[in-house]
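Each chain gets a letter, A, B and so on, in the order the sequences are listed, and its residues count up from 1. Computed from a predicted structure; not experimentally measured. Any value given below was found using the heavy atoms of this structure, including those in side chains, with hydrogens, waters and symmetry copies removed.
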Amino acid sequence: MDWLTQFPQMDDNRLRDIKKIIDEAFRGFTRAYGDSIETLFEPLRIFMVQAERFMTGTPWIIVFALIIGVAWLGSRNPKVVAATAVTMLLIGYFGMWEDTMKTISMIFVCTVISIAVGIPLGIAMARWNRMQAIVNPVLDVMQTMPSFVYLIPVVMLLGIGKVPGLIAVVIYAMPPVIRLTNLGIRLVDKEMLEAADAFGSSDWQKLKNVQLPLALPTIMAGINQTIMMALAMVVIASMIGVQGLGQPVLRAISNQYFTLGVFNGFAIVGIAIIFDRVSQSFGKRLQKHSEVVHG
Amino acid sequence: MADPIGIEIRNLYKIFGPQSAQLMQAVRNGMTKAELNERHHHVLGLNDINISMPAGRIQVIMGLSGSGKSTLIRHINRLIDPTAGEVIVGNQNVVTMSPEALRDFRRHKTAMVFQKFALLPNRTVLENTCYGLEVQGIPQGKRVAAAMHWLERVGLKGFEKKYPNQLSGGMQQRVGLARALANDAPILLMDEAFSALDPLIRVDMQTILLDLQKEIRKTIVFITHDLDEALRLGDSIAILRDGEIIQQGTSQDIVLRPADAYIESFVREVNRGRVIRADAAMEPASGPLPDVTVGGDCTLEDAGRLMVQSGTTRLAVRDMQTGRPAGTLSMERILAAITQRAPGHA
Ligand SMILES: Nc1ncnc2c1ncn2[C@@H]1O[C@H](COP(=O)(O)OP(=O)(O)O)[C@@H](O)[C@H]1O
Ligand SMILES: [Mg+2]
């Protein structure tokens with residue numbers, strides 16, 4: 001009656017063999033294709049390096065003016081702009097300017113990639129139910145799998161560095177853009193699509209003139225979430241070589257530097273709030289004309 | 001302006017549901033909407049529709065909610081595919097068109113106005129009005145000129161830069177109308193276009209449409225659930241119930257000779273004096289003609305008012321085509337026509 005008290009599990013030896021076989025196979029794959037996969041991601045690395053070089057190499061006053069400019073264009077709100085200025089000045093004054101620039105450039109690259117991949121994927125999901133049925137479970141896995149788990153194969157394949165870190169962040173942060181693009185397009189009013197059809201729109205015209213513009217506020221909400229999630233990954237990504245505000249935090253944890261941790265932590269919170277407020281008020285302005293004022 | 005073209009609908013059936021094709025024969029053999037729903041869980045949307053809509057006139061399709069009006073009008077530009085039957089526009093069969101041909105047909109031959117306006121909220125009034133022309137690939141300058149012209153015609157000059165949500169419902173639907181007219185298509189499809197508007201604004205819009213139609217002479221298919229609207233606008237009226245046409249004719253036919261008790265029950269609420277025309281109520285001329293003459297299309301109410309003003313009780317009625325006197329209209333005839341109830345149905 002063993003099986004009643006003990007779960008009847010697989011034979012230990014067999015289990016060990018299975019794990020070994022899979023590990024061996026993946027290691028073989030890494031040895032055989034690691035280099036070619038690395039070349040595949042070379043453009044991504046160059047993109048990251050360029051973005052980082054721009055943010056850290058340009059005189060701080062220009063970058064500062066640029067950030068203020070973007071905050072103004074995005075929010076059109078003096079309060080948000082003032083808060084942005086104060087936050088950035090404090091960050092610089094407390095000696096975290098360089099790391100912050102590295103983090104911002106990483107978030108920027110990650111957001112660009114998430115948009116470039118996520119929006120077309122979301123459109124495809126809205127268009128084909130089959131596509132949605134395939135992609136949705138994948139997104140569930142991407143969002144719930146502990147990030148350390150997928151860091152293992154990424155590091156095995158690409159080693160420690162910017163690109164594997166970026167991939168880890170993108171995997172974690174991209175799902176909201178995909179999901180909300182899909183949702184936004186599916187929620188477009190049926191009568192609007194009928195009108196577009198009735199005037200003889202092609203599929204492309206319908207997408208460009210009706211579906212994307214009407215889904216845009218929802219898509220913006222997805223982009224906002226993606227940025228927030230990318231920021232949340234900064235510390236974990238620094239474990240595999242992504243530079244920026246995450247690394248001092250990591251150092252603070254291992255050496256028990258309380259103040260170092262708190263300062264960098266607040267810097268992350270600061271830019272997170274800036275990104276959030278700016279992108280949210282941008283999304284709100286996009287929605288301005290959608291609210292029905294009269295009946 | 002494009003020449004008007006007529007629409008011919010023949011033996012049109014629409015069954016909603018996955019096995020519509022297999023159930024077609026059963027419906028042809030006389031299965032009713034209720035039976036189809038009960039036994040096969042399919043909805044009989046349209047049942048053997050035959051209508052011939054003359055070119056350049058207003059064809060009204062009237063029926064209560066759920067009678068199949070929207071389904072029917074959507075077959076004309078094939079937003080809905082029929083289960084069986086033909087829709088002939090000009091000399092083309094819409095049902096057999098390829099997707100490319102259908103897109104071309106929708107761009108150049110039809111334009112549509114929607115009950116809930118269906119304007120793009122992120123575009124200005126002008127950009128919305130341009131939509132059809134933009135889809136056709138007309139250059140910017142030309143489409144703005146056309147859009148401005150029609151915006152002015154529907155009384156929206158000065159509102160081009162506004163967004164739809166800054167306008168009242170009536171004004172939004174004028175944009176919808178201008179957008180459809182800018183397309184310069186010979187066929188105008190209007191699905192309960194005025195039903196969402198307040199009664200007074202609705203009458204305004206009807207007037208605008210009738211005024212425009214004198215000039216544009218399009219083949220207009222107008223859907224409504226309101227008999228007063230149908231009688232006011234329709235050159236010809238078809239009444240739909242449960243996906244079937246139960247009467248077709250002019251407003252005079254519907255009001256004076258309702259086909260069954262169902263139609264009679266609607267007609268009873270109508271202001272007959274404003275609908276029935278002099279030539280429908282007159283009697284053949286005998287003896288000397290009265291001095292005062294009215295046109296055959298004069299309503300009984302107007303004829304009665306004229307009698308009071310000119311202190312007479314008999315009018316001569318002129319035939320609208322020949323221009324010659326065709327009969328006489330007496331006070332008794334007017335009263336009889338206004339107070340008459342169809343025998344047998346009441
Ligand atoms: N896509 C559909 N699937 C199933 N039934 C439908 C569909 N569209 C319409 N119907 C049914 O067809 C009938 C006619 O609908 P509709 O044409 O919208 O009526 P109306 O416009 O006169 O109110 C209704 O019973 C409705 O429930
Ligand atoms: Mg309807």
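Both the backbone and the side chain of A/D197 have a heavy atom closer than 4.5 Å to some heavy atom of chain B. For B/L119, the part lying under 4.5 angstrom from a heavy atom of chain A is the backbone only. Both the backbone and the side chain of B/L120 come within less than 4.5 Å of a heavy atom in chain A. Within the 4.5 angstrom heavy-atom criterion, no atom of B/F105 approaches chain A. In this structure, chain A has a heavy atom under 4.5 Å from the side chain of B/R74, while its backbone stays farther away. Contact of A/L193 with chain B is not made at all, since no heavy-atom distance falls under 4.5 Å.
Taking B/P99, B/P121, B/A180 one by one and counting their heavy-atom pairs under 4.5 Å with chain A, the maximum is reached by B/P121. Between chain A and the options B/L102, B/T110, B/N122, heavy-atom pairs under 4.5 Å are most frequent for B/N122.
Contact check for A/Q143 versus A/P176: side-chain heavy atoms found under the 4.5 Å cut-off. Under the 4.5 Å side-chain criterion, counting only non-hydrogen atoms from C-beta, B/K218 is in contact with B/L181. Residues B/I9 and B/H75 fail the side-chain proximity criterion, which asks for heavy atoms closer than 4.5 Å.
Residue B/F117 comes nearest to A/E191 through the heavy atom pair N-OE1, 4.4 Å, listed as atom of the first residue, atom of the second, then distance. Of all heavy-atom pairs between B/G6 and B/A55, the closest is N-CB, 3.5 Å.
Atom OG of A/S279 and atom NZ of A/K284 lie 10.5 Å apart (nearest 0.5 Å).
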